Amino acid sequence: MESLVRGAGRIEARVLAGVVVVALVVTGLQTRSLGTWTLEVVWVVIGLPLVLALRERFPLTRLLCWLLVLHALVLCYGGQYTYAETPLGEWVQGWLGTQRNNYDRFAHVVQGFVPAVAVREVLLRRTPLRPGGWTFFLTVSVCLAIGASFELIEWFSALVLGSGADDFLATQGDPWDTQWDMFLCLCGAVVSLLVWRRIHDRQLGRAVDGP
């Protein structure tokens, strides 16, 4: 069944992995705060070797591979500058005339947008679930749980590091930052499922259709 999943080819997979490695090296060398950068990209450092190690046993769809690279780049870029000071966010801030750098808002949308495909892929390939309402509901629920877990990690970091965690938290004085983060993660997950469902099903092939 797994061999019928349409994943990235070997050359494409190596290129994608190379892009992530280069992003880690470049942003790590140019980061303004090595501690903040480490906290932001630790998931990339853990995830890339894991994906490569499981490539033969659980090859990911091409769609998921590209989305994971997108997520890695978002994390690396945010870690390099800290989310509250990214040049891209400042450019959008000046363009829209907003009061804050909203790059962290974008990152939390991505936090739901990418994991939604990953969670859906695992559910459809490793459980009896088929595409439909329950898969949609459980995928969104897991993504929301992931978003809430990150907020708990930020809360714990604030307790341990105090003001030293400000760059990592990137609240920018917003008392509702935690609620916004979870809401945007939820929105990202829902939009992702609506946008990618048919393409994802085609790439999953028999893993979705069954024997």
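From a predicted model like this one, the values you see are computed outputs, not experimental measurements.
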**Prompt:** Looking at residues at least two apart in the chain, or sitting in another chain, which of them share a salt bridge (charged side-chain N to carboxylate O under 4.0 Å, His left out) with Arg14?
**Reply:**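 Result, salt bridge (charged side-chain N to carboxylate O under 4.0 Å, His left out) vs Arg14: none returned.
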Does some side-chain heavy atom of [Y] sit less than 4.5 Å from a side-chain heavy atom of [X]?
{"X": "Trp180", "Y": "Asp104", "value": "no"}
{"X": "Leu24", "Y": "Val41", "value": "yes"}
{"X": "His108", "Y": "Arg105", "value": "no"}
{"X": "Gln203", "Y": "Trp196", "value": "no"}

**Request:** Using the test side chain to side chain donor-acceptor pair (under 3.5 Å), find all partners of Thr27 that sit at least two apart in sequence or belong to another chain.
**Result:**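 So Thr27 forms a side chain to side chain donor-acceptor pair (under 3.5 Å) with Trp37.
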**Request:** Return the set of residues passing side chain to side chain donor-acceptor pair (under 3.5 Å) with Arg197 (not counting sequence neighbours), or none when no residue passes.
**Result:**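 None.
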Check for me, please, whether [X] and [Y] land in the same ILVMFWY cluster - side-chain distances under 4.5 Å, paths through other members count.
{"X": "Leu73", "Y": "Val26", "result": "no"}
{"X": "Val69", "Y": "Leu88", "result": "yes"}
{"X": "Phe58", "Y": "Leu63", "result": "yes"}
{"X": "Val117", "Y": "Val140", "result": "no"}

**Item:** Carboxylate-amine/guanidinium contact Asp201 Arg120, below 4.0 Å
**Value:**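 Arg120 and Asp201: salt-bridged.
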Would you confirm whether [X], through its side chain, and [Y], through its main-chain N or O, come within 3.5 Å as a donor-acceptor pair?
{"X": "Ser141", "Y": "Phe137", "value": "yes"}
{"X": "Thr61", "Y": "His200", "value": "no"}
{"X": "Asn102", "Y": "Val92", "value": "no"}
{"X": "Arg130", "Y": "Leu124", "value": "yes"}

**Asked** Tyr81 and Tyr103: aromatic ring centres closer than 6.0 Å?
**Response**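 Centroid distance Tyr81-Tyr103: not below 6.0 Å, so no.
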**Message:** Does Phe183, at its CZ atom, have more than 12 non-hydrogen atoms belonging to other residues, nucleotides or ligands within less than 6.0 Å?
**Reply:**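 Atom CZ in Phe183 is not crowded, with 12 or fewer foreign heavy atoms closer than 6.0 Å.
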**Request:** Mark yes when over 12 heavy atoms from residues, nucleotides or ligands other than Ile11 sit less than 6.0 Å from its CD1; otherwise mark no.
**Result:**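 Atom CD1 in Ile11 is not packed in, count stays at 12 or less.
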